[in-house]
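Values below: every heavy atom of this structure, side chains too, minus hydrogens, waters and symmetry copies. Convention: sequence-line order gives letters A, B, ...; per-chain numbering from 1.
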There are 2 protein chains.
Amino acid sequence: MPVVEAVEEKVCRSYRSPVTDRPVRTDGRRRVGIVDVARRAGVSVGTVSKALNGRGQLRDETRARVQAVAHELGFVPSAVAASLLTGRTYTVGLIMTDHHGRFSLPVLHGAEDALGWGETLALVCDTRDDPIREQHYVRSLIRRRVDGIIVAGRRTDPRPPLGGRPPVPVVYAFARSSDAADCSVVVNEEAGAREAVEHLIRTGRRRIAHVTGPRGHASVRTRVDGTRHALHEAGLELVGEPWYGGWSEVWGRFAAAALTRSHPDVDAVFCGSDAIARGVADGLRECGRRVPDDVALVGVDNWQPTAEGCRPPLTSVDLNLQEVGRTAGALLLRAIEYGAAPGIHTVPCRLVVRASSAPASG
Amino acid sequence: MPVVEAVEEKVCRSYRSPVTDRPVRTDGRRRVGIVDVARRAGVSVGTVSKALNGRGQLRDETRARVQAVAHELGFVPSAVAASLLTGRTYTVGLIMTDHHGRFSLPVLHGAEDALGWGETLALVCDTRDDPIREQHYVRSLIRRRVDGIIVAGRRTDPRPPLGGRPPVPVVYAFARSSDAADCSVVVNEEAGAREAVEHLIRTGRRRIAHVTGPRGHASVRTRVDGTRHALHEAGLELVGEPWYGGWSEVWGRFAAAALTRSHPDVDAVFCGSDAIARGVADGLRECGRRVPDDVALVGVDNWQPTAEGCRPPLTSVDLNLQEVGRTAGALLLRAIEYGAAPGIHTVPCRLVVRASSAPASG
DNA sequence: GTGAAAGCGCTAACAA
DNA sequence: TTGTTAGCGCTTTCAC
């Protein structure tokens, strides 16, 4: 008796779950499996598997015939079944913590690049910065046997590591883990700030101020350090103290007014974010200063809508988040295949020069 | 001979795949399976399954003991194995086409709500609006046996349906499918525009202009229609023709200048987007018009950074994208369990009133 | 070069 | 109430 019929007999006493538990096939057809292909091609399932995966020793003619039949039948092999056997799902979890996605999305895009465009896919979870939800999602991911997890932060302050001791590699992106034994990918913000200020100095500015966000943020401290460092190297001093405030345009406008009053000779402002810089640009203009003729401006984030809506368009430090995601994805794949590479991996920033920092006309 | 030992024997001749094909467990421990729990609790695997899933008839004491053991051993059941059996993966695909995520992200968030916070997870694919990539991702999703697919558009123009005839339900969100037999969730933009204009009329405006985006966009046409409709109902006419242009602030600024020149008596502008509205706000101010005292302003998108950075903060039509996502998620779940609900499902907009449309001081 | 068969880890029918 | 067993759809070893 041919094997395929024996298989068919077995199927008769098949598993029947409640109807609602089976996904509805929109086309009504039964899903074609490897058995169907085997039967149609007149070979065994083992041969089909080998033919389709390019493994084993097969006659070219057989391989071709099987492939043709598979294509004709519209056979799409089940990754679920393969996973059960190989232990890999070619799926990773991506945990994002920022609701608006300004930081996580570029990270996701970069990760997608590294994960090979569908080779490995990302299960995306938005925790809205809630640890309970995060825990919940991690469990969900582990149940689904993801091969690894990327955690995309929304601030650069170190964050506590994922709870529940996930049994798969984890890479932290943008916000590093507070545990040094974890693997994190961060942006070199200090260097970014330095580059921004060096650019201002190189284009002839000497009286440089710094308007930035809330004191408590690691980013703010790091950028202040970078700024001071660059100025110091050039034998200059910051004009006044750093102006700490919010991340908003309103704060930028306010700061610009205060700044022109207290330091009328300022000829450049390095801002902690593009939003702040936009506010400063508007504020300066309303105080009668021309940008960039009288005062040059550099922001941070290089966030298209803000940087290009600004008048004039804003020179900005790009945080290279896509590269962060790419690195995180690559590190995760490496960790999955060859074991974890703990430590903090740093990605450089990139200064994008636009009109707001053109050399002074004078 | 006890059963568990027989099981153990079987395991000896177990499958061995190349090392690199097995995910690395960060903790080195072997993954604990249902068999381990069964052995430790002194029951059979069937009993463990029933105990953990709350099914079947079990003594309370047994159920409790099994649960305790499972917890103690840190057992996390494999959704992969369960999927193979039940045919459901509790995973859906989410295809986004807009790189920046301004439209897709809120849709994702809404979908997450509907998908029950991890009950069902989303495999997110960013096609960058490339049909080849889209096709590729769809195949990837089908291989992984997702239960369904949500396609989040980036424009409201109807889009061609997903290629490859996916054998699972598909719901189109924001951009509807051009095939009426598909299931789509869209925003009622016409009503949104009408509401915006009615709001302006209600607050005493009579000379209303419309500055909007490129002629080719469905959104633009729909919003023009809504605007005209609302004005007509109030016995009014649009001031001049609609001003078609880009979606940018620059265009808004330019249009404001032109508008005040050609129609100096204009007392309100309904703009096709928040970016345009911001540009118009700046442009008007620079032409000596006060917002909202002389001219009221309403935008579309209610995009936080733009709407709240605007001076004054911008009244805006919120496209309710999160609700679109929620509806899409709910419809998809329904389609998965009970069969598709084809047709176009409409979600209303929501006017968010801020300072830019306060009643005229006069 | 190809076929047969043993599972991957779980669920549910059925037997005890 | 609990145990036994047959698969879900695939991959790989091993025998032919």
Side-chain angles (χ1 to χ4, degrees), chain A residues 1-4 6-7 9-18 21-22 30-38 41-63 65-66 70 75-89 143-145, chain B residues 2-4 6-7 9-18 21-22 30-38 41-63 65-66 75-89 143-145:
Chain A
M1 185 166 93
V3 178
V4 285
V7 167
E9 299 236 323
K10 278 203 202 165
V11 169
C12 293
R13 186 235 161 276
S14 83
Y15 167 85
R16 281 154 298 146
S17 79
D21 243 349
R22 288 240 155 220
R30 194 177 68 78
R31 179 100 63 175
V32 8
I34 200 170
V35 177
D36 305 280
V37 178
V43 295
S44 72
V45 290
T47 304
V48 173
S49 174
K50 284 169 213 153
L52 262 33
N53 295 299
R55 254 165 282 193
Q57 300 289 304
L58 257 59
R59 238 172 44 221
D60 282 356
E61 193 272 326
T62 312
R63 201 179 290 278
R65 194 174 74 248
V66 170
F75 171 65
V76 182
S78 162
V80 175
S83 297
L84 191 55
L85 201 57
T86 63
R88 278 196 67 167
T89 54
R143 279 184 75 100
R144 282 175 178 76
R145 296 297 187 259
Chain B
V3 178
V4 285
V7 168
E9 298 236 322
K10 277 203 206 166
V11 169
C12 294
R13 186 238 162 275
S14 84
Y15 166 84
R16 282 154 298 146
S17 80
D21 241 349
R22 289 240 155 222
R30 194 178 67 78
R31 180 99 63 175
V32 7
I34 200 170
V35 177
D36 305 278
V37 178
V43 295
S44 71
V45 289
T47 304
V48 173
S49 175
K50 283 171 214 151
L52 262 33
N53 294 299
R55 253 164 284 191
Q57 300 289 303
L58 257 59
R59 236 171 48 220
D60 283 355
E61 193 272 326
T62 310
R63 199 180 291 277
R65 194 174 74 248
V66 171
F75 170 66
V76 182
S78 162
V80 175
S83 296
L84 191 55
L85 201 60
T86 62
R88 279 196 66 168
T89 54
R143 278 185 76 99
R144 283 177 177 74
R145 297 296 189 259

Q) To the nearest angstrom, how far is B/Asp36 atom CG from C/dG9 atom P? A) 9 Å
Q. Which heavy-atom pair separates A/Val32 from A/Phe75 by the least distance, and what is that distance?
A. O-CD1, 3.2 Å
Q: Please determine if a side-chain N or O atom of A/Ser78 lies less than 4.0 Å away from the OP1 or OP2 oxygen of D/dG9.
A: no
Q: Using atom types as modelled and distance alone, determine if a side-chain donor or acceptor of B/Arg31 lies under 3.5 Å from a backbone N or O of B/Val76.
A: no
Q | Whole-Å distance separating the CG atom of A/Leu52 from the P atom of D/dG9 | A | 16 Å
Q. For A/Leu84 and C/dC10, what is the distance between atoms CG and P respectively, to the nearest whole Å?
A. 9 Å
Q) Which one, D/dT4, C/dG3, D/dT2, comes nearest to the side chain of B/Ser44? A) D/dT4
Q: Just call it for A/Gly46: base, sugar-phosphate, or nothing, with non-hydrogen atoms closer than 4.0 Å on any strand.
A: base
Q) Within less than 4.0 Å of OP1 or OP2 of D/dC8, is there a side-chain N or O belonging to B/Ser83? A) no
(Q) What is the distance, to the nearest angstrom, from the CZ atom on A/Arg31 to the P atom on D/dG9? (A) 10 Å
Q: Would you indicate, yes or no, if D/dT2 has its OP1 or OP2 atom less than 4.0 angstrom from a side-chain nitrogen or oxygen of B/Thr47?
A: no
Q) Which of these passes side-chain contact (heavy atoms from CB on, under 4.5 Å) with A/Leu58: A/Val66, A/Thr47, A/Val43? A) A/Thr47
Q: Identify, between B/Val45 and B/Arg143, the residue whose nearest nucleotide on DNA chain D lies closer to the 5' end.
A: B/Val45
Q. Nearest-Å distance, CG (A/Leu85) to C1' (C/dG9)?
A. 11 Å
(Q) Tell me every residue that passes side-chain contact (heavy atoms from CB on, under 4.5 Å) with B/Thr89, counting only those two or more places apart in sequence or in another chain. (A) A/Val80, B/Ser83, B/Thr91, B/Arg145, B/Asp147
Q. Whole Å only: how far is the CZ atom of A/Arg145 from the C1' atom of C/dG9?
A. 9 Å
Q | Atom-to-atom span, CZ of B/Arg55 to P of C/dA12 - whole angstrom | A | 5 Å
Q.
Return the CZ to CZ distance between A/Arg65 and A/Arg59, rounded to the nearest 0.5 Å.
A. 7.5 Å
Q. Which nucleotide sits closest to the side chain of B/Arg59: C/dT11, C/dG1, D/dT1?
A. D/dT1
Q. Can you check the A/Lys50 NZ to D/dA15 P distance for me, whole Å?
A. 14 Å
